[in-house]
Protein chains: 2
Amino acid sequence: MPKVETFNRNNVLQNATEVFHRKGYNGTSMQDLVDATDLNRSSIYNSFGSKLGMFMEVLSHYQSIAKSNIGKETRQAQNASDTIQAIFEMYLRDIITDPNRKGCLIVNCKSEMTNQDPLIRSFMEQNQEQMLAVLEDLVHNGQMEKVFNEDQTATQYALYLYSAIQGFRMTGILNNNEDELKNLINTVLKVLH
Amino acid sequence: MPKVETFNRNNVLQNATEVFHRKGYNGTSMQDLVDATDLNRSSIYNSFGSKLGMFMEVLSHYQSIAKSNIGKETRQAQNASDTIQAIFEMYLRDIITDPNRKGCLIVNCKSEMTNQDPLIRSFMEQNQEQMLAVLEDLVHNGQMEKVFNEDQTATQYALYLYSAIQGFRMTGILNNNEDELKNLINTVLKVLH
DNA sequence: GATTAATTGAAATGATCGTTTCAAAATTAA
DNA sequence: TTAATTTTGAAACGATCATTTCAATTAATC
């Protein structure tokens with residue numbers, strides 16, 4: 001009976017992500033989204049409810065891709081140390097290959113909206129918890145394997161790494177010198193060994 | 001002959017800084033600025049030219065205060081290690097005492113505008129250069145004093161610290177647990193010793 | 001081919017955006 | 001007081017904001 005949703009929701013989300021990532025939430029207009037997604041204004045409101053609704057889906061979409069990338073690195077690497085190194089080098093690739101120097105969508109949004117919107121705040125809180133859980137698990141494994149020291153608890157090192165990742169993403173906005181960034185990664189990871 | 005500028009420019013800048021800091025550049029409207037500064041709309045345009053013009057002055061104002069704070073810490077501390085520790089603890093105080101959890105104005109602006117506005121980009125470039133110069137100098141001194149190792153050059157450690165500061169500011173937006181943040185600082189600084 | 005329901009296009013909503021205009025008020029010096 | 005000059009208030013600018021409306025179009029089921 002009904003006409004079915006014709007557009008590819010993943011494609012639309014990907015295009016919307018690109019605009020939000022490049023211009024930020026407040027810098028992106030509904031017209032920008034209409035242009036980027038090739039979707040009708042009405043269809044956007046039908047499918048996403050509002051600009052913020054669409055943005056929340058964009059954030060989740062971006063987060064799930066990031067998580068799946070981390071999962072891949074975890075499965076490929078031999079030990080916890082290699083895994084963490086690989087995660088940082090994934091970010092490094094992202095920095096070097098992005099011609100627009102956008103940084104990380106989630107980090108950018110954290111600084112733009114966390115203190116302004118409760119929906120965003122709780123997204124950021126659960127994102128932080130997930131990141132800390134993944135990192136803590138990795139550090140814990142590394143400590144079991146004796147490749148990481150136990151000067152600090154896994155929980156403490158996880159926060160250290162989480163903070164370092166955010167700093168790395170911020171640094172990459174202006175600096176995309178591969179050698180300098182690789183050296184930076186090594187310095188960050190040194191304290192764990 | 002003429003009527004002279006009546007308002008206190010520093011006060012106005014301080015009030016404008018508070019709004020821009022809390023809501024971000026794109027999230028701040030001219031009406032917000034009129035309300036916050038108690039200045040007339042016309043007077044703002046007379047004295048600052050445009051919204052972006054006012055924001056650039058706000059950035060410089062914020063930067064000069066930050067620089068003078070770093071200078072104070074440098075003069076009070078006994079050695080390079082204490083100085084860097086004091087700088088981080090200055091940021092820590094800022095994080096813990098800010099009820100709005102705004103983070104750092106410059107870091108926030110870097111993520112919001114660097115890839116969108118050439119004026120902002122060059123501000124950020126010179127800000128990064130200044131920070132790196134200060135940090136490199138401190139690390140160099142610490143290495144002369146033998147309180148820092150020479151595993152990396154002062155230049156390399158400076159980038160590491162610059163990145164760590166940005167990460168610290170981002171982390172402080174959600175996490176203001178003093179003990180956890182103090183421990184984070186110690187972990188960051190450990191690699192230098 | 002008729003029925004059904006979602007998608008679509010385009011226009012319109014009222015609000016707010018950054019900025020400009022300009023006459024009236026305010027303040028200083030002659 | 002008069003002349004000079006800036007600040008001020010208030011209104012208006014056209015543009016754009018996010019969102020709503022609705023009739024026309026489209027496609028899937030019967």
Side-chain angles (χ1 to χ4, degrees), chain A residues 1-59 105 108-109 112-113 116-120 123, chain B residues 1-59 105 108-109 112-113 116-120 123:
Chain A
M1 305 124 91
K3 182 179 176 184
V4 90
E5 196 178 81
T6 58
F7 60 83
N8 179 327
R9 199 176 178 88
N10 250 16
N11 263 343
V12 166
L13 275 179
Q14 206 164 316
N15 292 332
T17 300
E18 200 279 330
V19 199
F20 276 128
H21 197 173
R22 184 157 40 82
K23 311 184 94 174
Y25 179 78
N26 286 310
T28 300
S29 71
M30 220 42 175
Q31 188 57 50
D32 290 332
L33 294 169
V34 168
D35 296 343
T37 60
D38 263 330
L39 225 60
N40 193 276
R41 206 175 297 269
S42 317
S43 306
I44 295 184
Y45 280 93
N46 273 343
S47 305
F48 300 96
S50 67
K51 183 188 170 189
L52 185 61
M54 179 170 230
F55 186 62
M56 295 307 299
E57 281 209 36
V58 158
L59 276 182
L105 174 65
N108 294 353
C109 171
E112 184 182 8
M113 304 181 74
Q116 294 282 92
D117 187 300
L119 261 181
I120 296 290
F123 175 91
Chain B
M1 305 126 86
K3 181 178 178 185
V4 89
E5 196 179 81
T6 58
F7 59 84
N8 179 328
R9 199 176 179 90
N10 250 17
N11 264 341
V12 166
L13 275 180
Q14 206 164 316
N15 292 333
T17 300
E18 200 278 331
V19 199
F20 277 129
H21 197 172
R22 184 157 39 84
K23 310 184 93 173
Y25 180 77
N26 285 310
T28 300
S29 72
M30 220 39 171
Q31 189 56 50
D32 290 332
L33 294 169
V34 169
D35 295 343
T37 61
D38 263 330
L39 225 59
N40 193 276
R41 204 176 296 270
S42 317
S43 305
I44 295 184
Y45 280 93
N46 273 343
S47 306
F48 299 96
S50 66
K51 183 187 172 188
L52 185 61
M54 179 169 229
F55 185 62
M56 295 306 298
E57 282 210 37
V58 158
L59 276 182
L105 174 66
N108 295 355
C109 172
E112 184 181 9
M113 303 180 75
Q116 294 282 92
D117 188 300
L119 262 181
I120 296 289
F123 175 91

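B/Phe48 has its CZ atom 14 Å from the C1' atom of D/dT7, to the nearest Å. A/Leu39 has its CG atom 15 Å from the P atom of C/dA10, to the nearest Å. For the pair A/Arg9 CZ and C/dA6 P, the computed distance is 15 Å after rounding to whole Å.
Residues satisfying the side-chain contact (heavy atoms from CB on, under 4.5 Å) test with B/Asn46, not counting sequence neighbours, are none. With sequence neighbours left out, A/Asn40 forms a side chain to side chain donor-acceptor pair (under 3.5 Å) with A/Ser42.
The closest donor-acceptor contact from the side chain of B/Glu112 to the backbone of B/Asn26 lies under 3.5 Å.
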Take nucleotides 11-24 of chain C nucleotide by nucleotide from the 5' end and write B, S or -, depending on whether a protein heavy atom sits under 4.0 Å from the base, only from the sugar-phosphate, or from neither.
------SSBBB---

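For residues 21-34 of chain A, every residue pair satisfying the salt bridge (Lys or Arg N to Asp or Glu O under 4.0 Å) rule, not counting sequence neighbours, is listed here: A/Glu18-A/Arg22, A/Lys23-A/Asp32. Applying the salt bridge (Lys or Arg N to Asp or Glu O under 4.0 Å) rule to pairs touching residues 46-55 of chain A yields nothing, sequence neighbours excluded.
In this pair, A/Tyr25 and A/Phe20 present their aromatic rings parallel. The plane angle is below 30°, not in the 30 to 60° band.
You'll find the side chain of A/Cys109 stays beyond 4.5 Å of the side chain of A/Phe123, heavy atoms only.
Between B/Asn40 and the phosphate of D/dT7, there is no side-chain N or O to OP1/OP2 separation shorter than 4.0 Å.
No donor-acceptor contact under 3.5 angstrom links the side chains of B/Asn10 and B/Gln14, judged on distance only.
Residues from residues 10-18 of chain A lying near DNA chain D, meaning a heavy-atom separation below 4.0 Å, are absent.
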